[in-house]
There are 2 protein chains.
Amino acid sequence: MAALQADDPLSRAFAEARAAAARDEAPIGAAVMRDGVVIASAGNRTRELNDPTAHAEMLAIRAACAALGAERLVGCDLYVTLEPCAMCAAAISFARIRRLYYSAPDAKGGAVESGPRFYAQPTCHHAPEVYAGLRESEAAELLRAFFSGKR
Amino acid sequence: MAALQADDPLSRAFAEARAAAARDEAPIGAAVMRDGVVIASAGNRTRELNDPTAHAEMLAIRAACAALGAERLVGCDLYVTLEPCAMCAAAISFARIRRLYYSAPDAKGGAVESGPRFYAQPTCHHAPEVYAGLRESEAAELLRAFFSGKR
């Protein structure tokens with residue numbers, strides 16, 4: 001079982017989300033997979049890095065680009081525990097991510113099925129295939145527990 | 001004259017745009033000003049850094065946050081030579097930039113007056129005051145000259 005899960009990218013994203021919560025960051029995680037191998041993963045680090053752009057998806061994309069020495073992640077898929085915001089949705093497009101898998105929708109800040117629906121805009125030049133709702137309740141519970149602990 | 005221009009943020013942004021062109025990057029530059037002082041500036045470095053998120057605005061915001069040791073750029077204004085894309089527009093919002101000044105509109109990839117019009121979305125939680133069209137023809141000519149040289 002453990003071996004089977006080793007390169008399960010969504011489990012890696014969830015592990016990153018839990019590690020982010022342990023650092024007192026919003027519990028969101030992301031992983032980039034290419035050819036069945038996770039080549040980068042990250043959790044949110046906006047507070048630690050004093051960087052409002054340090055969302056999980058952004059850090060995972062930048063790490064994947066660094067690993068491949070390329071500006072475009074052709075043939076790569078991104079897994080993330082929450083619907084990406086407009087910043088991340090656009091970065092996913094610029095990076096030419098092939099498929100985007102995400103867990104929970106984010107009606108307040110998402111930009112895929114919510115708000116600006118970035119991939120549906122005529123100004124979006126590359127849209128990934130989108131698969132939503134994987135382990136949705138688990139991701140939603142992680143966020144709920146984290147933010148209820150804050151209040 | 002030179003002294004007067006020293007902290008003219010839009011001239012700094014244009015200088016960054018020209019420096020980007022000299023590096024064979026898209027000629028776009030940005031500068032962050034607080035209390036009359038430019039605290040960070042950057043040009044596009046997506047190719048050099050193999051990083052699709054390395055737009056001028058993103059690098060300038062990250063540098064300003066690093067300079068201030070803060071995740072939010074309260075009281076800061078951003079100057080950029082081109083209308084920000086969705087990624088940068090959202091990052092500007094997350095960073096709590098007070099005023100956004102930009103030169104040329106970008107009908108193909110912009111997200112302020114074009115495309116998703118990010119700041120007009122109900123999911124946008126902080127919108128800067130926006131001032132567009134400063135030295136517009138100069139910025140448009142810089143882009144036109146760069147991309148015509150590519151063809």
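A quick note: this is a predicted structure, and the numbers were derived from the prediction, not measured. To find a chain, count down the sequence lines: A is the first, B the second, and so on, and within it residues start at 1.
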Problem - Contact residues of residues 68-82 of chain B (partner chain A; heavy-atom separation under 4.5 angstrom) - result: B/G69, B/A70, B/E71

Practice task
Tell me whether A/F14 is reachable from A/I28 by hopping between hydrophobic residues (I, L, V, M, F, W, Y) whose side-chain heavy atoms are closer than 4.5 Å.
Solution key: no

Practice task
Measure B/R117 against the heavy atoms of chain A and call it side chain, backbone, both or neither at under 4.5 Å.
Solution key: neither

Practice task
Look at atom CZ of B/R47 and say whether more than 12 heavy atoms of other residues, nucleotides or ligands are closer to it than 6.0 Å.
Solution key: no

Practice task
Give the cluster check for A/M58 versus B/L59: same hydrophobic cluster or not, with ILVMFWY residues linked at side-chain heavy-atom distances below 4.5 Å.
Solution key: no

Handout entry: Contact summary for A/M87 and B/A90, nearest pair of heavy atoms
Key = N-CB, 3.5 Å

Problem - Region of B/A107 in contact with chain A, defined by heavy-atom distances below 4.5 Å - result: backbone

Handout entry: Best-contacting candidate, B/A66, B/C124, B/P52, B/A111, against chain A by heavy atom pairs under 4.5 angstrom
Key = B/P52

Problem - Common cluster, A/V32/A/V112, ILVMFWY with side-chain heavy-atom separation under 4.5 Å - result: yes

Handout entry: In one Ile/Leu/Val/Met/Phe/Trp/Tyr side-chain cluster, 4.5 Å: B/Y131, B/Y119
Key = no

Practice task
Indicate if B/F94 and B/V130 have the same hydrophobic cluster label, given that clusters are the connected sets of ILVMFWY residues with side-chain heavy-atom separations under 4.5 angstrom.
Solution key: no

Handout entry: Considering all heavy atoms, the nearest B/P116-A/T123 contact
Key = CD-OG1, 3.5 Å

Fill in the blank from the handout: Okay, B/L49 and chain A: the region with an atom under 4.5 Å from a heavy atom over there is neither

Problem - Check: B/K108 main-chain N/O paired with A/H125 side-chain donor or acceptor under 3.5 Å - result: yes

Completion exercise
Applying a strict 4.5 Å limit to non-hydrogen atoms, the region of B/T53 in contact with chain A is side chain

